[in-house]
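Encoded as structure tokens, the structure appears first; notes follow it.
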Amino acid sequence: MTWKYLSNKNPWKNNKNKKNVLNNEENNILLFLKYIKNKININKNKIIKTVVILILSIWIINGFYIIKKNEKGVLIRLGKFNKLINYGIHWKITPIDKILIFDKSKIYKIGISKTEITSDKNIINIKIITKYKIINPKKYLYTIKNINNYIKNSIESILLKTITNYNTKKILSVNNNIIKNSISNKIKIFFIKENIGIKIEKINFKYIQPPERIKKLFNDTKIARKNKKICINNAINYANKLKIKTNYKIIDIINKSKIYKNNIINKAEKDMINFNKILSIYKISPKIEKKKIYIETMEKILKKTSNVISNNKNIFILHIKNKKNNIKNKKNNIKNKKNNIKNKKNNTLNNTINQRSYNISRINNRKIRDK
């Protein structure tokens, strides 16, 4: 506001003009303030309405929720179960209602690793992973407070009951599927009877094994049993071979004895025929036949001798052996004696080695049995 607008004269010279100007300015300000107040009062109601509408719309929109086909909902009103909600669009009262949504196709896992005692009082480590689905959310939530602990404890108790009925040999054998099937069937039947809203889908056995110390002993016993079977089979095969050889020898001896018997009988028959012939001739001329027999026998004897000394009247036969042949025979006898001594030493060494190996195997087997 300029001084020209008020008056052309100096304002400080005239005080009356000054007072008039101030009064006009105050009035203008008051009028402006009244105008703003009225406008605010008019818009106040509109703002409140719009705020209320916005809050209600947000509250209503937030109350809507969707449940999918493979899901199941649980409506909890004021901390209590109200109803189960199926597939579709639904609405809830936000501060009062609470919705828990469960996926029907979702698989939950619980892993259990436990050390159990067998019937022969040995320790075995077991690890099992149980897979289950939630069928009935109401029973799953409201039958038992801490359901995960309940599932764990029940599976552990079933494991303890079943494993105490079996020994380590059966549990750790290759065909231990019977024990696994019995455990899994017992767990499934137990949860069907309890009816807590779950279904056991699968039970995976990660491992069923003893501690390292017992495992080594068990492996040693396995190896010993295998070796035992191998030794027994080798012994049986060796016995069968010996039987076959002995049978062949028996047949051969029998055949030889039959041949020998037949030869002796034939020879005896021939001799008897010859004797009868000689006897008939001897009866006719005994002196001639005697000389003939004598000469034939002397020919047979003299063929075998190397040196012969004779008289005009009598004949003396002397069996003289050469010195060279005697020396050779002596040398051969010495060699044979040396070879026999060597063979005896080798046999004694082999016997001692076999006895030691046999004693060591017996000691190892006793240690394994004692353990």
Side-chain angles (χ1 to χ4, degrees), residues 52-116 124-164 176-209:
V52 169
I53 289 158
L54 281 167
I55 290 160
L56 283 167
S57 61
I58 289 159
W59 180 67
I60 290 158
I61 289 158
N62 284 327
F64 286 103
Y65 60 93
I66 297 162
I67 290 168
K68 295 174 186 177
K69 282 183 180 179
N70 59 345
E71 289 178 345
K72 195 92 172 174
V74 177
L75 180 66
I76 296 162
R77 187 164 284 169
L78 296 169
K80 290 181 180 180
F81 173 80
N82 191 356
K83 62 179 179 177
L84 292 168
I85 299 157
N86 295 319
Y87 162 72
I89 298 164
H90 302 278
W91 186 77
K92 63 173 180 178
I93 302 162
T94 47
I96 296 163
D97 294 341
K98 189 182 176 182
I99 304 297
L100 295 172
I101 295 164
F102 294 93
D103 192 356
K104 289 178 185 177
S105 61
K106 191 180 177 181
I107 292 166
Y108 298 89
K109 292 179 183 179
I110 289 173
I112 294 160
S113 57
K114 196 83 176 154
T115 54
E116 299 293 344
I124 282 172
N125 296 323
I126 299 167
K127 192 175 181 181
I128 291 172
I129 292 164
T130 53
K131 294 177 181 180
Y132 67 91
K133 285 181 182 179
I134 296 163
I135 299 163
N136 194 341
K138 184 185 175 182
K139 286 178 180 178
Y140 180 77
L141 290 169
Y142 290 100
T143 47
I144 295 156
K145 284 184 180 180
N146 197 346
I147 197 155
N148 288 321
N149 285 330
Y150 177 74
I151 292 162
K152 272 188 182 181
N153 293 326
S154 58
I155 290 164
E156 283 174 5
S157 65
I158 289 160
L159 282 171
L160 196 143
K161 283 178 184 177
T162 49
I163 285 161
T164 49
N176 62 354
N177 291 318
I178 297 159
I179 296 158
K180 288 178 182 178
N181 289 325
S182 68
I183 289 162
S184 57
N185 288 325
K186 281 178 183 179
I187 289 162
K188 284 175 184 178
I189 291 158
F190 176 79
F191 285 110
I192 288 161
K193 284 179 181 178
E194 287 293 310
N195 196 11
I196 57 170
I198 63 163
K199 186 187 176 184
I200 304 293
E201 290 291 317
K202 202 175 181 182
I203 295 159
N204 291 326
F205 289 84
K206 288 287 175 184
Y207 58 80
I208 300 173
Q209 60 185 15

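Here the structure is a predicted model, which means the values were calculated and not measured. Sequence positions, counted from 1, serve as the residue numbers for this chain.
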Side chain to side chain contact (heavy atoms under 4.5 Å, CB included) between K131 and I200, worked out: CA-CA 6 Å; K131 294 177 181 180; I200 304 293; over 6 Å; no
Positive for side chain to side chain contact (heavy atoms under 4.5 Å, CB included) with T162, one of I183, N185, I187: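 When side chain to side chain contact (heavy atoms under 4.5 Å, CB included) is applied between T162 and each of I183, N185, I187, only I183 qualifies.
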May I ask you to test the [X]-[Y] pair for a side-chain heavy-atom distance under 4.5 Å?
| X | Y | value |
| --- | --- | --- |
| I151 | F191 | yes |
| Y150 | I155 | no |
| K152 | I112 | yes |
| F102 | V74 | yes |
| K72 | I101 | no |

Kindly indicate, with the supporting measurements, whether the criterion side chain to side chain contact (heavy atoms under 4.5 Å, CB included) is fulfilled by T130 and K109. CA-CA 6 Å; T130 53; K109 292 179 183 179; over 6 Å; no
Spacing of [atom1] belonging to [X] relative to [atom2] belonging to [Y], to within rounding of 0.5 Å:
| X | Y | atom1 | atom2 | result |
| --- | --- | --- | --- | --- |
| L75 | L84 | CG | CG | 9.5 Å |
| R77 | I96 | CZ | CD1 | 7.5 Å |
| K114 | E156 | NZ | CD | 4.0 Å |
| L56 | I61 | CG | CD1 | 10.5 Å |
| N149 | I144 | CG | CD1 | 11.0 Å |
| I76 | L100 | CD1 | CG | 4.0 Å |

Run Y65 and W91 through side chain to side chain contact (heavy atoms under 4.5 Å, CB included) and show every step you take. CA-CA 6 Å; Y65 60 93; W91 186 77; 5.6 Å; no
Any donor and acceptor pair, going by atom type alone, linking the side chain of D103 with main-chain N or O of S105 inside 3.5 Å? yes
Main-chain N/O of N125 paired to T115 side chain as donor or acceptor, under 3.5 Å: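 A pair under 3.5 Å: no.
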Quick one: which residue pairs count as a salt bridge (charged side-chain N to carboxylate O under 4.0 Å, His left out) with a foot in residues 178-195, not counting sequence neighbours? none
If the plane angle is over 60° it's perpendicular, under 30° parallel, otherwise tilted; pick one for Y108 and Y132. parallel
